[in-house]
Amino acid sequence: MTNQVPANKTPRPSAWQLFINNRLALIGFVIFLTLLFLALAAPLLPLAPPDETALTLRLLTPFSSEALLGTDHLGRDLLSRLIWGTQVSLMVGVSATLIAAIIGSTIGLLAGYFGGRTDSLLMRGIDMLMAFPYILLALAIVAALGPGLMNALYAIAIVNIPFFARNIRGVTLGLSQQAFIDAARLSGKNDSLILLSEILPNVLPTIVITMTTTIGWMILETAGLSFLGLGAQPPQADLGSMLGEGRKLLFTAPHVSIIPGLMIFVLVMSINLMGDGVRDLLDPRLKSGVMGRPAAATLVNHKNTASKQLIPCNVHGLKNGLQVANLHTEFHQGKSIYNAVNGVSFSIQPGECLGIIGESGSGKSVTAMSISRLVPSPPGEISNGQAWLDNQALFSLPLSQLQQIRGNKVAYVFQDPLSALHPLLTIGEQLIEAIQAHQSISYQAAKSMTISQLKQVKIPNPEQRIKNYPHQLSGGLRQRVVIAMALVNSPNLLIADEPTTALDVTIQAQVLKLLRQLQQQTKVALLFITHDFGLVSAMCDQVAVMYAGHIVETGPTHNLLTQPAHPYTQKLINCVPILGKNNQQLETIEGMPPPMNQLPTGCHFADRCPYAEDSCRQQAIHLTNLTDGHAVRCIKPLQHTLH
Ligand code: ADP
Ligand code: MG
């Protein structure tokens, strides 16, 4: 697919763009700004004095000539009281939030960072505050201090301190055990400097999020106290006291209470909507431009992926195994489209191993994840193509059938075995769960299957090992467990995404040998992803070289290794050191791959290719056959002539 975004567009949407993408948040923000402006401009507006009584003008209805919103039982102008009252309510809500945020966050930071006795002492104090019903505590504090707006403010601030303290303590506790804090300590920083320069910036988003979600709540609570006569004292108006005064006239003059009631509603709603938007913006997981959780399966554009569009057996003459045709997967971020996979086609027969090799970011993992629609959506979308496993069109299956296939017919082995295993379950429990998810057999039968499967992957003493937790195993053993788990339901397709990158070289060799053996025994189709050409020759029957979302060369491993046709393949091969060859000159590939949202028209590798000429850049280059099964996406292939 060609680039659809003008080159001068910034690739990442700005924070403001993300915020305004969220319509509700934007509406909340506009309403809040308007109310804030009105409240702050109260002294400048041509309003009647809010406390001036006029007994001749009592209980005028809205839209009367003397007062736009009418008057109350003392003849005071309701519009004026409403705007001045909003100012008071906003000031109390915001100040109480600030006080609670500063005191609560400081307590949370200190407790979370120092831990031990400091933590116990501070948190037990907080627990004492939390032991009382929330609003009762506020009432008790105002009762003790005496009614009045300032006292109501203090009471509301005090009862909200625990929310900040607990939230911030949790985040700080997690942060203070991370390596960057150890690094800061090693660099000689003292505790207060670490707290201020390392921890505080990281907890600030949480503080802001908690603040935006509590301001509305605090305005309501202040209004509640004033309504009960404990907050603002006559003649001063705040929204709660206006509501309280109007209560007695609810039937004779409903507008006196409805008007401040509506204002409280609109104010709190606008703050909450705006708070939601700010939270989505500050939450690092949502920063990629999405405001929602990923769907259970990648979105598929069915217009382009109709199952009958290509019939697999007619295309490749195959009945079993995996076939992928013209796969396009893209990511949508703001207005930019990142074409991570751009028309990839390949097939793997049962018992065969296809290696996908390419630099980091070339689209290997996205290709692998697209097969069982595991790419997060949004932002991901399969925009074209189809994948068939044993003639079943995967992109056209309903979610329930797809979930039956995942972990059963299609299994994955990922790079880091520690993050692929559940830390709180023993490996036995995890394997048994994997078996029982797809086979209706008893616990005992699943347990004995687990033990025999662990034997298969050559884990010594499996009867004892099943009681171990992942952290009790070495990296190599853990990856064997993951392989065992992947193979336990006899999949038809196994996808191993850089399965040994996290292991050291000797363990890597053992694990790969095991994987290859098991693959040949079980006749599973293996999609092996790596960035290391050294591993390809040992593992794979076929290789596909990927670059910037394209397969640039594919064919039998032997052909590719001995007669690479694409300059990129040649360079990748020359990057691999050969043991025992002392004075070998290793090549590096200069330059960077093109950004996925601004792919060039012609060959994507042209800018880094020593042989590139003008014709390489003029039009899209197609994959062309060289010899049987060996194809290249290059108009001037090395050591070959195009037929
Ligand atoms: P690799 O070949 O190293 O496995 P990937 O397939 O993971 O590369 O990534 C291919 C491209 O897709 C990269 O440019 C990456 O930035 C982009 N990409 C991958 N996952 C996401 C995502 N969740 N959101 C946005 N872009 C993504
Ligand atoms: Mg990857």
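Evaluation of the side chain to side chain donor-acceptor pair (under 3.5 Å) rule for D119 yields R169 as partners, not counting sequence neighbours. With sequence neighbours excluded, the residues that form a side chain to side chain donor-acceptor pair (under 3.5 Å) with H531 are E498. Looking at residues two or more places apart in sequence or on another chain, you find no side chain to side chain donor-acceptor pair (under 3.5 Å) involving N408. Residues forming a ring pair (Phe, Tyr, Trp, His ring centres under 6.0 Å) with F164 (at least two apart in sequence, or on another chain): none. Partners of F32 under the ring pair (Phe, Tyr, Trp, His ring centres under 6.0 Å) rule, at least two apart in sequence or in another chain, do not exist in this structure. Qualifying side chain to side chain donor-acceptor pair (under 3.5 Å) partners for S226, counting only residues two or more places apart in sequence or in other chains: D238. Legend: residues meeting side-chain contact (heavy atoms from CB on, under 4.5 Å) with Q233, ordered by chain and number and at least two apart, are P147. With sequence neighbours excluded, the residues that form a side-chain contact (heavy atoms from CB on, under 4.5 Å) with V268 are I219, L220, I264, N272. The salt bridge (charged side-chain N to carboxylate O under 4.0 Å, His left out) test applied to R185 returns D182, not counting sequence neighbours.
Within the structure, every pair that satisfies the salt bridge (charged side-chain N to carboxylate O under 4.0 Å, His left out) test and touches residues 121-134, not counting sequence neighbours, is listed here: R124-D127, D127-R166. Within the structure, salt bridge (charged side-chain N to carboxylate O under 4.0 Å, His left out) pairs that include any residue of residues 190-210 comprise K189-E198 (at least two apart or interchain).
Minimum heavy-atom separation, M242 to A237: CG-CB, 4.1 Å. Summarising the geometry of R406 relative to A296, their closest heavy-atom pair is NH2-O, 3.1 Å, with the distance given to 0.1 Å. Contact detail for L82 and L239: the closest heavy-atom pair is CD1-CD2, 4.0 Å. Residues T298 and V375 approach most closely at OG1-O, 2.7 Å, considering heavy atoms. Across all their heavy atoms, I459 and L477 have their closest contact at CD1-O, 3.9 Å. The heavy-atom pair separating I215 from T97 by the smallest distance is CG1-OG1, 3.5 Å.
If you take CG on N597 and CG on N339, they are separated by 8.0 Å, rounding to the nearest 0.5 Å. Remark: I181 CD1 to N202 CG distance equals 7.0 Å, nearest 0.5 Å. The distance from the OH atom of Y469 to the NE2 atom of H422 is 10.5 Å, given to the nearest 0.5 Å. In this structure, CE on M369 lies 11.0 Å from CD1 on I382, to the nearest 0.5 angstrom. For the atom pair CZ of F29 and CG of L36, the computed distance is 9.5 Å after rounding to the nearest 0.5 Å.
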Quick one: side chains of residues 133-145, donor-acceptor pairs under 3.5 Å with protein atoms, not counting sequence neighbours, listed by atom name and distance.
from : atom 1 : to   : atom 2 : distance (Å)
Y134 : OH     : N160 : OD1    : 2.9
Y134 : OH     : N160 : ND2    : 3.4
Y134 : OH     : W217 : NE1    : 3.1
Y134 : OH     : E221 : OE1    : 3.3
Y134 : OH     : E221 : OE2    : 2.2

- Could you go through the side-chain hydrogen bond (donor to acceptor under 3.5 Å, both in side chains) check for S362 and E359 one step at a time? CA-CA 6 Å; S362 51; E359 271 168 287; over 6 Å; no
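For M130, the CE atom is densely surrounded, since the number of other residues' heavy atoms within 6.0 Å is greater than 12.
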